[in-house]
Amino acid sequence: MKIYAKLALALLALAALPGLALAAAGEAEPWQIGFQDSVTPVADYIHWFHNWILLPVSVIIALFVLALLLIVIVKFNAKANPVPSKTTHHAGLEVAWTVIPVLILVLIAIPSFRLLYLQRDIPQADMTIKVIGNPGWNWTYQYPDLGVDESGEAKVSFTASLLPEDQAKAQNRPYLLATDVPVVVPVNKTIKVIVTSDPAGIIHAWTIPSFGNKIDAIPGRLNEDWFRASKEGVYYGQCSELCGKDHAFMPVELHVVSEEDFKAWSEKVQTASVEEARDFLFAMLQAKGQLASN
């Protein structure tokens, strides 16, 4: 009993921690519970599906099984029931434990199929970004809508790698999530994402939790995904496929900005280096109070 009492006190103390809160949008937080805030239609549906379908059904089933176990322990132990029943068959019970799980699965399947359709039915896009997972454990991003050269390759193309720890601390940005060059997209626009991996590389997975995105990057294959972010901000993700020794050092950093700021950034990135465009964007956001100063 002392062990159970100590365990209960530990759980109560853990629940009382001030840092234990729902996760905010953009990145994971220490001691968070629940998902990161959703900012896309797909993520909204994922949260609803989890909170109102999967979680209640799981809790009800767990409580039901617990109740059955307690009944068996109390009513059918050797002391309370010295002469055990010899019942070996009950048609009604066997029908029930077959039909009820089927109905539960149907209940879960209907919204599940709707979510799958929402994820995979790519709407008419306002902009397309191509994402390439590289053997060097980083991501290459291409913006074909900002122009292509004679060979058909996007003129705006850059590789985003992990921001070194010392630079991340100096810039007050999260290490293992921040990149040296961020992806930039406009708010409230449907973005189509074409995801692949370098033909000489391995399988990766491009993931942003707040967007509800997780799509495999496979060598020699093009996968598609989409998102429409409804809130400006900085959103982080990581490779979600066990892709090798630097799997933990392959982050995604994406900035959702106003349409005006995106236009200014896109004009800058087409006429200057991607680093200059990044600094230009950060300066604009800091001036508006939308990005923390170093």
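Scope of the values below: all heavy atoms of this structure, side chains included, with no hydrogens, waters or symmetry mates.
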Distance-only, no hydrogens or angles: does the [X] side chain make a donor-acceptor pair with backbone N or O of [Y] under 3.5 Å?
X: D121; Y: L118; result: no
X: Q32; Y: E29; result: yes
X: R221; Y: T196; result: no
X: S197; Y: G133; result: yes
X: Q238; Y: P251; result: no
X: T271; Y: K268; result: yes

Do [X] and [Y] sit within salt-bridge range, that is, some charged N less than 4.0 Å from a carboxylate O?
X: K192; Y: E224; answer: yes
X: D37; Y: K231; answer: no
X: K263; Y: E259; answer: no

Side chains of [X] and [Y], donor plus acceptor under 3.5 Å:
X: D216; Y: N223; answer: no
X: R228; Y: T40; answer: no
X: T140; Y: N134; answer: yes

Task: Stepwise side-chain contact (heavy atoms from CB on, under 4.5 Å) check, K155 with Q270 - done: CA-CA 8 Å; K155 292 182 179 179; Q270 292 178 74; over 6 Å; no
Open item on the list: Parallel, tilted or perpendicular: which one describes the rings of Y141 and F158, with boundaries at 30° and 60°?
Closed with: tilted
- [ ] Give me the ring orientation class for F211 and Y235: parallel if the planes are under 30° apart, tilted from 30 to 60°, perpendicular past 60°.
- [x] tilted
So which atom in [X] and which in [Y] form the shortest heavy-atom distance, rounded to 0.1 Å?
X: H47; Y: Q36; result: CE1-O, 2.9 Å
X: V185; Y: L254; result: CG2-CD2, 3.6 Å
X: A248; Y: L176; result: O-CD2, 4.1 Å
X: R120; Y: I215; result: NH2-CD1, 4.0 Å

Open item on the list: Between H255 and F262, is the ring centroid distance below 6.0 Å?
Closed with: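 No - the distance between ring centres of H255 and F262 does not fall below the 6.0 Å cut-off.
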Open item on the list: Ring centres under 6.0 Å, that's the criterion: do Y45 and W52 meet it?
Closed with: no
Task: Criterion salt bridge (charged side-chain N to carboxylate O under 4.0 Å, His left out) on R278 and D180, from CA distance to verdict - done: CA-CA 9 Å; R278 171 202 60 200; D180 55 353; 6.0 Å; no
- [ ] Dump the intermediate steps for ring pair (Phe, Tyr, Trp, His ring centres under 6.0 Å) on W265 and Y143, then the final yes or no.
- [x] CA-CA 12 Å; W265 173 85; Y143 286 73; 5.4 Å; yes
Task: Partner residues of E267 under the salt bridge (charged side-chain N to carboxylate O under 4.0 Å, His left out) criterion, sequence neighbours left out - done: none
- [ ] Would you verify whether the NZ or CZ of K214 falls within 45 degrees of the ring axis of W206 while also being under 6.0 Å from that six-membered ring's centre?
- [x] no
Open item on the list: Under the rule for side chain to side chain contact (heavy atoms under 4.5 Å, CB included), what residues qualify as partners of I203, not counting sequence neighbours?
Closed with: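 Partners of I203 by the side chain to side chain contact (heavy atoms under 4.5 Å, CB included) criterion, ordered by chain and then number, come out as I218, P219, E241.
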